[in-house]
Novice: 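I have a structure I would like to understand better, so I am pasting it below and will then ask my questions one at a time.
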Amino acid sequence: MEIIKLDNVSFFYKAYNDDGTVGSATGVENVSLSIEEGTFCALVGHNGCGKSTLAKLLNGLLLPTKGTVTVNGLETSKKENIFEIRKNIGMVFQNPDNQMVASIVEEDVAFGPENLGVPQPEIVERVYGALEQVGMSEYAKRSPHKLSGGQKQRIAIAGALAIRPKVLVLDESTAMLDPLGRREVLDVAHKLNEQGMTVILITHFMEEVLDCDKVVVMNGGHVIKTGTPNEIFDDEQLLSDVGLNAPRAVQLAKKLSNFGFAVTENQSDAGALGGEVCQELTKN
């Protein structure tokens, strides 16, 4: 069952021409896309390709200039649906510091359900349940501003989870993190997906899409290809055209295969690839 559907969606930003007249700039154009419930989907592309615009269209922060966006059966263009849609879509953005609204972690996580009018006893239950889901229960009484970048993003995810969404959208949420912080956030996202949550990961780090169910490649405001990670990595011309590279382990596996090594050509795990190489070497 599809939980998100975009049907021929376009969005244009207002832009000023050199002569001072008002023109427009393309955010996304003629995008049609379906995302099934329970899917881990990645949106990839270089900066300015329309990924973040698409993310904001999903929860009604932006409304389409043309076409329809439907979330769990509700059209975002209908004003009466926006409240319910934003309960269904949890958003986590790039800079964790911009998402902090309180000086104590538990108060920060409680912000969303408080604004939804959730009764206080249930807010407490939601806050501690969400913190447990992201592995941050022990930090409930701490100041979020004293945490690492990865920990802050896990708190931001907890804040999104506290509204009990059906879909979690991570909009470049790992872009400002070190490798450990990125791994922490991705581990949480995959754990949530394994529990049934639909996850949409917006990223330009191709290593992050290795374990996704579906990859959507964007360029110039258009969706130019969708497929599994291996289908995307195999299309070297596509990756070259949009300025992306397959993960290093995948590139190395292809080169080794070309040299006659019997390794899995789409091997995405560096450790497993090393094991295959060692096996081949011991045969000789």
Side-chain angles (χ1 to χ4, degrees), residues 40-49 51-56 58-59 61 89-115 126-163 165 167-195 197-212 215 244-245 247-249 268-271:
F40 198 119
C41 178
L43 300 182
V44 301
H46 59 72
N47 291 338
C49 71
K51 305 188 302 294
S52 291
T53 297
L54 194 150
K56 293 179 177 67
L58 296 183
N59 77 339
L61 284 173
I89 302 276
M91 301 281 292
V92 180
F93 297 102
Q94 184 179 84
N95 189 340
D97 289 314
N98 291 343
Q99 299 167 87
M100 301 298 169
V101 296
S103 58
I104 302 296
V105 164
E106 62 182 358
E107 294 175 2
D108 196 84
V109 177
F111 183 78
E114 283 175 349
N115 279 276
R126 289 192 185 196
V127 166
Y128 281 90
L131 287 172
E132 184 175 354
Q133 281 183 284
V134 300
M136 293 294 288
S137 299
E138 63 186 284
Y139 296 91
K141 303 293 185 183
R142 298 273 294 275
S143 167
H145 301 289
K146 295 181 179 179
L147 302 178
S148 70
Q151 289 171 329
K152 288 177 183 178
Q153 281 295 39
R154 286 155 66 190
I155 295 301
I157 293 173
L161 295 179
I163 66 172
V167 181
L168 179 66
V169 179
L170 302 174
D171 185 7
E172 298 280 10
S173 301
T174 63
M176 299 180 67
L177 304 180
D178 61 23
L180 176 59
R182 286 170 56 195
R183 186 72 262 160
E184 290 175 349
V185 171
L186 288 173
D187 285 346
V188 168
H190 281 287
K191 179 181 176 183
L192 293 169
N193 179 247
E194 289 167 5
Q195 294 169 355
M197 180 170 288
T198 305
V199 177
I200 300 174
L201 173 68
I202 297 172
T203 184
H204 59 270
F205 293 117
M206 295 299 283
E207 289 80 3
E208 295 183 355
V209 313
L210 290 169
D211 298 320
C212 293
V215 182
L244 296 173
N245 294 307
R248 290 181 181 178
S268 57
D269 183 87

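Along the sequence shown, the residues carry numbers beginning at 1.
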Novice: If I take atom CD from residue Q151 and atom CD from residue E184, how far apart are they, to the nearest 0.5 angstrom?
Specialist: 6.0 Å
Novice: With sequence neighbours left out, write down each residue that passes side-chain contact (heavy atoms from CB on, under 4.5 Å) with D171, or none if nothing qualifies.
Specialist: S52, A55, K56, F93, I202
Novice: Please name the pair of heavy atoms, one in A102 and one in P144, separated by the smallest distance, quoted to 0.1 Å.
Specialist: O-CG, 3.5 Å
Novice: Is the shortest heavy-atom distance from the side chain of E208 to the side chain of L201 under 4.5 Å?
Specialist: yes
Novice: My understanding is that only residues two or more places apart in sequence, or in another chain, count here; which of them pass side-chain contact (heavy atoms from CB on, under 4.5 Å) with T198?
Specialist: I3, I35, E37, V167
Novice: Quick one: pull up CG in L170 and CG in L192 and give me the separation to the nearest 0.5 Å.
Specialist: 9.0 Å
Novice: Kindly indicate whether the side chain of T174, heavy atoms from C-beta on, has any atom under 4.5 Å from the side chain of Q153.
Specialist: no
Novice: Any side-chain heavy-atom pair from R183 and L186 closer than 4.5 angstrom?
Specialist: yes
Novice: Atom CD in Q133, atom CE in M197: separation rounded to 0.5 Å?
Specialist: 6.5 Å
Novice: Answer whether the closest heavy-atom distance between the side chains of M206 and N245 falls below 4.5 Å.
Specialist: no
Novice: Give the minimum heavy-atom separation between V109 and A130, together with the two atoms involved.
Specialist: CG1-CB, 4.3 Å
Novice: Look only at the side chain of R154 and the backbone of G135, and say whether a donor-acceptor pair between them is shorter than 3.5 Å.
Specialist: yes
Novice: Does R126 reach the main-chain N or O of A162 with its side chain, forming a donor-acceptor pair under 3.5 Å?
Specialist: yes
Novice: Testing the basics here: between A160 and V92, what is the closest heavy-atom pair and its distance to 0.1 Å?
Specialist: CB-CG2, 4.2 Å
Novice: Among H46, E172, K51, whose side-chain hydrogen bond (donor to acceptor under 3.5 Å, both in side chains) with H204 holds?
Specialist: E172
Novice: Output yes when D187 and K191 qualify as a salt bridge under the 4.0 Å nitrogen-oxygen rule, no when they do not.
Specialist: no
Novice: Output the distance between atom CG (N95) and atom CG (D97), rounded to the nearest 0.5 Å.
Specialist: 5.0 Å
Novice: Could you tell me which non-hydrogen atom of A42 sits nearest to which non-hydrogen atom of V209, and how far apart they are?
Specialist: CB-CG1, 3.6 Å
Novice: With the side chain counted from C-beta on, respond yes when S143 and V105 share a heavy-atom pair under 4.5 Å apart, and no when they do not.
Specialist: no
Novice: Please indicate whether Y128 has more than 12 foreign heavy atoms, meaning atoms of other residues, nucleotides or ligands, lying under 6.0 Å from its OH.
Specialist: yes
Novice: If we only count heavy atoms from C-beta on, is the S137 to L131 side-chain gap below 4.5 Å?
Specialist: yes
Novice: Would you compute the distance between atom CD1 of I155 and atom CZ of R142 and round it to the nearest 0.5 angstrom?
Specialist: 10.0 Å
Novice: How long is the gap from NZ on K152 to CE on M136, to the nearest 0.5 Å?
Specialist: 11.0 Å
Novice: Taking atom CD of E114 as the centre, report whether more than 12 heavy atoms of other residues, nucleotides or ligands fall under 6.0 Å from it.
Specialist: yes
Novice: I need the full list of ring pair (Phe, Tyr, Trp, His ring centres under 6.0 Å) pairs touching residues 169-193, with sequence neighbours left out, sorted by first then second residue.
Specialist: F40-H190
